[in-house]
Number of protein chains: 2
Amino acid sequence: MNIRLDAIDRNILAELQADASTSLDEIARRVGASKTPVWNRIRKMREAGIIKGQTTLLDPEALGLEACFFVLIRTSEHDAGWLDRFLNAVKSRAEVMEAHRLAGDIDYILKVRVASARAYDDFYRALISEVSIYNVTSTLSMEEIKNTTALPILEAE
Amino acid sequence: MNIRLDAIDRNILAELQADASTSLDEIARRVGASKTPVWNRIRKMREAGIIKGQTTLLDPEALGLEACFFVLIRTSEHDAGWLDRFLNAVKSRAEVMEAHRLAGDIDYILKVRVASARAYDDFYRALISEVSIYNVTSTLSMEEIKNTTALPILEAE
DNA sequence: TATGAAAACAAGGGCTC
DNA sequence: GAGCCCTTGTTTTCATA
């Protein structure tokens, strides 16, 4: 699983993150190598799990997803049954784009995309009816300043 | 820019989100249409801005990005100069994956991916030296429960 | 006449030497 | 690093409702 990445590998990854539809020839030209080695590097990084897959990015607003909420959750319950129900609810709902367990006084944070404030309220009611939650703060995003899928590529590991 | 999406369009988008490398033939088979109409629909949705592009998803840990922080920011300053510096700092730093302006008592939230707590501290110091911030809460993610780029495809708009 | 099936073409990925 | 093959994206043509 662990392979060391050199400067060329990192450049290839940066190109693939920027646009997955860039042709092998073009990537090879940009990183200063030729087709075969570039393709072999990509294959190795895919096998090593560094490259997880390709996806198509869509515009949320064009799909009618006008609202994005961040949900800060504090809970008093930490038993296995509660956790199972919570994880299941979070993973099964497509509105939940992201969910993290946090260190500190907030236990969980969710990022939820929905059509409207009304749709968020439906989601919220469904969630708290499935799992009891001590304290929830729902915060509407007024403006998406930045949202990138491109991970920073570190200079050296 | 605005086009109405029917059930087939939405199925196509769902397939493309799940895996952008799926071939046209395969998508056509799955949505119950043939190649030409599927291709025309994809082209239209690209022109309409619904499809924004393709990207490659990488594994953060394999890239040495072991730490993910959520940064809750309250600020006392809201003048144009401050805002410019803040937006510029956020947009130019590759560690910042996501930034939103919020409604409510937290003004901004950032999601930041870095190699370590130490690297986060470097980022944090650089940020507050560029822009003065009234109150910052930095929270480490202990576990990424869910993280998807696939937007929910609503049944009807 | 508009839509989809199907064939033709071209480009690019995957593989070998 | 050069080159081949074959899949697949892209375009055009043809048929059909």
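First the proteins, then the strands, lettered A, B, ... as listed; each starts at 1. This is a predicted model, so every value here is computed, not measured. Because only heavy atoms are used, hydrogens play no part in the values below, and waters and symmetry mates are left out as well, while side chains stay in.
- Atom CD1 in A/I27 sits about 18 Å away from atom P in C/dA11, given to the nearest Å.
- Using a distance-only test at 3.5 Å, with no hydrogens or angles considered, a donor-acceptor pair links the side chain of A/D107 to the main chain of A/T75.
- Between A/K44 and A/E47 there is no salt bridge, since no side-chain N of the basic residue sits under 4.0 Å from a carboxylate O of the acidic one.
- A straight line from CZ of A/R29 to C1' of C/dG12 spans 16 Å, rounded to a whole angstrom.
- If you measure from atom CD of A/E15 to atom P of C/dG12, you get 15 Å, rounded to the nearest angstrom.
- Using a 4.0 Å heavy-atom distance criterion, B/T36 is classed as a base contact.
- We find that NZ of B/K44 is positioned 12 Å from P of C/dA2, with the value rounded to whole Å.
- Between the CD atom of B/Q54 and the C1' atom of D/dG9 there is a distance of 11 Å, rounded to whole Å.
- Spacing between atom CZ of A/R41 and atom P of C/dC15 amounts to 18 Å, rounded to whole angstrom units.
- Here A/D121 pairs with A/R125 in a salt bridge; the nearest charged N to carboxylate O distance falls below 4.0 Å.
- Summarising the geometry, the separation between CZ on B/R43 and C1' on D/dT10 is reported as 10 Å, rounded to the nearest angstrom.
- Contact annotation: A/W39 does not reach the phosphate of C/dG13 (side-chain N/O to OP1 or OP2, under 4.0 Å).
- Regarding B/I51, its CD1 atom lies at a distance of 13 Å from the P atom of D/dG9, rounded to whole Å.
- No hydrogens or angles were tested; on distance alone, a donor-acceptor pair under 3.5 Å links the side chain of A/K35 to the base of C/dG14.
- Within the 4.0 angstrom heavy-atom criterion, only backbone atoms of the sugar-phosphate kind lie near A/L24; the bases stay farther away.
- Between B/Y124 and B/S138, the side chains place no donor N or O within less than 3.5 Å of an acceptor N or O (distance only, hydrogens not considered).
- Across all strands shown, B/S23 has heavy atoms under 4.0 Å from sugar-phosphate atoms exclusively, and none from any base.
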